[in-house]
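By convention here, the first residue in the shown sequence is residue 1. Just so you know, ligand 1 is whichever comes first in the structure, and atom 1 is the first atom listed for that ligand.
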Amino acid sequence: MSVLTILQLPDKRLRQVAKPVLVFDDALQKLIADMFETMYQAPGVGLAATQVNIHQRVFVADVAGEEEPKNPLHFVNPVITSVNGTQIYKEGCLSVPGFHEEVKRAESLIVEAVDFQGKPFSLETTGLLAVCIQHEIDHLNGKLFVDRLSALKRERINKKIQKSKR
Ligand code: QAP
Ligand code: CO
């Protein structure tokens with residue numbers, strides 16, 4: 001297992017749209033294991049393959065709290081098939097470290113995906129895990145949470161990132 005490098009804004013590779021996984025082999029299993037290791041060591045609660053410069057439709061998540069047991073979940077070729085309600089959550093992102101802003105998303109959803117072996121499953125969820133799934137699928141589409149902020153807030157963040165890089 002290895003810890004992978006996480007791309008950070010303004011890296012243009014975060015804008016690539018990931019392709020569906022077609023081959024369910026040992027390399028996919030290793031990618032998922034490496035993504036868990038990378039996410040846990042960050043630490044973070046979700047990580048999309050796009051963030052580690054692999055442009056395939058895969059993400060991992062574990063939104064278990066401090067006291068609760070680990071709940072590692074992985075999703076290959078995920079599709080949200082139903083959404084309900086709205087919620088506002090103060091999101092962060094390992095690709096935009098140090099910035100946290102409120103984002104409005106669906107409160108609950110149903111996601112269909114396959115596992116590392118290509119076995120289909122469906123999950124109905126709400127709250128933080130629902131936020132995480134929407135955030136990670138955005139990554140697979142080349143989208144970041146900052147894109148969902150007002151132009152003013154997004155520009156403030158972009159300027160701070162630019163300043164810190166020089
Ligand atoms: C996406 O985000 C997410 O700024 C995962 O300095 C966001 O793991 C899922 C992190 C909201 C559910 C709700 C961010 C770590 C981690 C930072 C993360 C930082 C260190 C973000
Ligand atoms: Co993110």
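- Counting atoms of ligand 1 from 1 in the listed order, those under 4.0 Å from a heavy atom of L128 are 12 (C), 13 (C).
- Atoms of ligand 1 found under 4.0 Å from any heavy atom of C132 (numbered from 1 in listed order, with element): 9 (C), 12 (C).
- Shown are the protein N/O/S atoms under 2.8 Å from the Co ion (ligand 2), given by residue and atom: C93 SG, H135 NE2, H139 NE2.
- Within the cation-pi definition used here (under 6.0 Å to the ring centroid, within 45° of the axis), K70 qualifies as a partner of Y40.
- Ligand-side atoms of ligand 1 in range of V131: 13 (C), range being under 4.0 angstrom from any heavy atom.
- From L94, atom CG reaches atom CD of Q8 across 9.0 Å, with rounding to the nearest 0.5 Å.
- Close approach of ligand 1 to H135 is summarised as follows: ligand atoms under 4.0 Å from at least one heavy atom of the residue are 1 (C), 7 (C).
- Counting non-hydrogen atoms of other residues, nucleotides and ligands closer than 6.0 Å to CG of D25 gives a total above 12.
- Checking S95, C93, A48 against atom 14 (C) of ligand 1, the nearest heavy atom belongs to C93.
- Relative orientation of the F75 and F59 rings is parallel, given thresholds of 30° and 60° on the angle between their planes.
- At least one side-chain heavy atom of D62 sits under 4.5 Å from a side-chain heavy atom of P72.
- When side chains are defined from C-beta on, H139 counts as touching C93, because their heavy atoms get closer than 4.5 Å.
- Residue-ligand proximity, E91 to ligand 1, at heavy-atom distances under 4.0 Å covers atoms 11 (C).
- Ranking the protein heavy atoms by distance from atom 16 (C) of ligand 1 puts L94 CD2, 3.4 Å first.
- When side chains are defined from C-beta on, D138 does not count as touching Q134, because their heavy atoms never get closer than 4.5 Å.
- Contacts between Y89 and ligand 1 below 4.0 angstrom, taking non-hydrogen atoms only, involve the side chain exclusively.
- If you check which protein heavy atom lies closest to atom 4 (O) of ligand 1, you get G98 N, 2.8 Å.
- With values rounded to the nearest 0.5 angstrom, R148 atom CZ is found 11.0 Å from R154 atom CZ.
- A donor-acceptor pair under 3.5 Å is absent between the side-chain atoms of S2 and the main chain of D34, judged by distance alone.
- Within the 4.5 Å cutoff, no side-chain heavy atoms of E124 are placed close to those of S82.
- Heavy-atom contacts of H100 reach the following atoms of ligand 1: 4 (O), 14 (C), 17 (C) (cutoff under 4.0 Å).
- For K90, the NZ atom sits in a loose shell: 12 or fewer heavy atoms of surrounding residues, nucleotides or ligands are nearer than 6.0 Å.
- With E107 as the fixed residue, the side chain to side chain donor-acceptor pair (under 3.5 Å) test singles out one of T86, T126, N84: T126.
- Between atom 2 (O) of ligand 1 and the options G44, A61, G92, P97, the minimum heavy-atom separation is to G92.
- Of the protein's non-hydrogen atoms, the one nearest atom 18 (C) of ligand 1 is V45 N, 4.0 Å.
- Ring geometry for H74 against F116 counts as tilted: the plane angle lies between 30° and 60°, on a 0 to 90° scale.
- If you number the atoms of ligand 1 from 1 as listed, the ones under 4.0 Å from a heavy atom of P43 come out as 15 (C).
- Note on ligand 1: E136 sits in its first shell, one or more heavy atoms being nearer than 4.0 Å.
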